[in-house]
Amino acid sequence: MAARPLRLLACGDVEGKFDALFTRVRAIQKKSGPFDLLLCVGNFFGSTLEAESEWEDYRRGAKKAPIQTCVLGANNQETVKHFQDVDGCELAENITYLGRKGLFTGASGLQIAYLSGTEAQSEPAPAYSFTTKDTASLKSALASSSKFKGVDILLTSPWPKDVWLYGNSPEEVDTKTCGSALVAGLAFALKPRYHFAALEGASYERLPYRNHTVLQENARQVSRFIALSSVGNTSKKKYLYAFNIIPMTSMDPAELVKQPLDVTENPYRISGKDSHRAKQASIIEEEPAAQFFFDLSKQQGKKRFSTGRGDGQHSSPKQPRKPPQPTGPCWFCLASPEVEKHLVVSIGTHCYLALAKGGLTADHILILPIGHYQSVVELSSEVLEEVAKYKAALKKFLKATGKRCVLFERNYRSQHLQLQVVPVPLSCCTTDDLKETFIVQAQEQQIELLEIPEHSDIKQIVQPGVPYFYVELDTGEKLFHRIKKNFPLQFGREVLASEAILNIPTRADWRECRYSREEEETLAKAFRRDFEPFDFSLTD
Ligand SMILES: *[C@@H]1O[C@H](CO)[C@@H](O)[C@H](O)[C@H]1NC(C)=O
Ligand SMILES: *[C@@H]1O[C@H](CO)[C@@H](O)[C@H](O)[C@H]1NC(C)=O
Ligand SMILES: CC(=O)N[C@H]1CO[C@H](CO)[C@@H](O)[C@@H]1O
Ligand SMILES: [Zn+2]
């Protein structure tokens with residue numbers, strides 16, 4: 001018993017141009033058949049005399065809306081007078097004010113959540129605005145049940161803040177000031193399949209975004225955010241959007257959660273959750289608790305211990321810590337649309353392997369955490385454990401191909417942790433040669449590389465946030481440099497590419513090592529095939 005899809009229209013700011021809107025709707029219906037509902041977001045009423053007199057015709061019944069029309073309330077003082085009943089009411093035949101906030105459920109089962117007005121900027125909140133209290137009560141009324149899956153449609157007048165993150169950028173809006181954080185929080189919680197907004201005079205259709213964490217949660221329906229322009233706008237920007245929808249309550253669950261190819265990460269992961277930032281801050285606070293730091297800035301070899309914050313607080317090991325979130329699009333968060341998935345060669349639980357883009361050699365590999373961590377120092381123990389597993393697997397693999405593995409990390413001007421693994425043929429040089437070359441070439445550039453004990457962890461040497469570079473040899477020995485300023489970004493590559501080691505000096509700069517996408521795909525495929533016998537992620 002397949003439900004008939006509903007045919008809906010959504011419209012941006014009408015600004016009192018009722019005749020223009022309904023003429024257009026009539027023309028559309030004449031051409032492509034009747035629609036079930038027209039949903040209007042943004043300013044329905046205008047404040048000009050012309051707009052007022054146009055409205056008089058509809059209010060008195062001299063003119064009529066040709067379709068059931070639902071509208072949101074006022075966004076300014078001038079138009080508050082049109083919305084007498086905060087719980088919603090009929091404004092004219094076929095024109096209904098939905099109310100301040102709530103859920104409208106149609107006979108078909110279609111669920112439309114709505115929030116009228118703009119976010120309050122001052123106290124006391126004006127009559128046409130909403131506050132945290134409003135969005136919190138809407139969230140708890142709709143989304144607190146464990147059975148809650150989402151709503152079909154969310155209507156708000158303002159855009160949600162940061163909706164463009166991880167997606168396509170809107171034109172003509174100031175991304176610094178545009179959008180409401182409360183609306184973002186609401187959209188994050190309600191997981192609408194469609195979210196409409198207006199007020200910016202711009203039209204924008206964001207790529208669909210996910211509402212689940214890849215690899216960690218079951219798939220949920222994606223959300224589409226669509227911002228519409230104002231009616232009769234001369235610049236021909238889109239103000240009407242037509243779509244078909246089957247209410248989620250009558251949809252096949254598998255069909256509902258299908259992910260389109262162009263789906264992106266959820267833009268609200270940071271700003272959306274009200275207390276998320278605070279929680280994140282407290283996680284970072286906890287991190288270095290009861291840790292010891294060698295202070296290498298003083299004197300080589302002499303260890304000074306300090307107890308960090310030493311308040312002995314540990315988070316329960318039962319609750320895996322959520323990785324911090326990037327503040328913008330990231331090329332290496334596995335869930336991010338920016339990731340070049342064709343370079344990925346293995347995916348574990350917390351980490352993954354990818355071929356380095358423009359690698360020094362065809363088997364130059366990166367070990368990366370799946371979540372957003374800036375450096376090894378920030379990794380939780382379970383992520384570190386898997387990093388160690390990948391290191392061991394790669395070492396074994398490379399040994400089998402007659403190579404030793406050199407690993408380095410630069411935590412400086414980087415966003416997402418990348419452990420670079422560069423294979424060096426055994427026949428080319430010994431581990432001691434490698435070590436020597438690194439030390440000598442560092443000295444030439446006034447970089448002090450300090451040897452640190454084999455079994456010590458970088459975590460014990462630096463505090464999170466401190467920039468550093470280190471290279472780890474196949475014996476586990478490490479050479480460490482605390483970066484103060486002006487560290488040559490390509491240093492690790494330069495040394496390995498130099499005559500003394502790989503002797504491919506022109507490849508030191510990765511930009512000189514570009515491959516075409518087809519070549520990259522071929523290299524990744526070859527690596528996957530060769531690495532397979534060593535890849536624990538395939539068997540665990
Ligand atoms: C009001 O809307 C209904 C349903 O969309 C439509 O059938 C009807 O013709 C409309 N009324 C007028 C007067 O156009
Ligand atoms: C088009 O939209 C912009 C922004 O909302 C507005 O300033 C302008 O007056 C509109 N033009 C028309 C003809 O409605
Ligand atoms: C409410 C909810 O479950 N939201 C999820 C939406 O998707 C993001 C990741 O894309 C998750 O972090 C949220 O938990
Ligand atoms: Zn990242």
By side chain to side chain donor-acceptor pair (under 3.5 Å) - contacts of [X] (at least two apart):
X	value
Lys403	Asp363
Thr437	none
Glu265	Arg269
Ser180	Glu119

Please identify each residue that fulfils ring pair (Phe, Tyr, Trp, His ring centres under 6.0 Å) with [X], with sequence neighbours left out.
X	value
Phe527	Phe397, Phe531
Tyr204	Trp159
Phe243	Tyr194, Phe196, Tyr241

> Any ring pair (Phe, Tyr, Trp, His ring centres under 6.0 Å) pairs touching residues 483-508, not counting sequence neighbours?
Replying inline: Phe469-Phe487, Phe469-Phe491, His481-Phe487, Phe487-Phe491
>> Do Asn168 and Arg206 have side chains that approach each other closer than 4.5 Å (heavy atoms only, starting at C-beta)?
In response: yes
> Heavy-atom count around Lys399 NZ within 6.0 Å, excluding the residue itself: above 12?
Replying inline: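 Counting other residues, nucleotides and ligands, NZ of Lys399 stays at 12 neighbours or fewer.
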Can you list the residues that meet the salt bridge (Lys or Arg N to Asp or Glu O under 4.0 Å) rule with [X], with sequence neighbours excluded?
X	answer
Glu340	Lys357
Lys435	Glu451, Glu477
Asp474	Arg404

>> According to side-chain hydrogen bond (donor to acceptor under 3.5 Å, both in side chains), does anything in residues 487-501 pair up with another residue at least two apart or in another chain? List the pairs.
In response: Gln441-Ser498
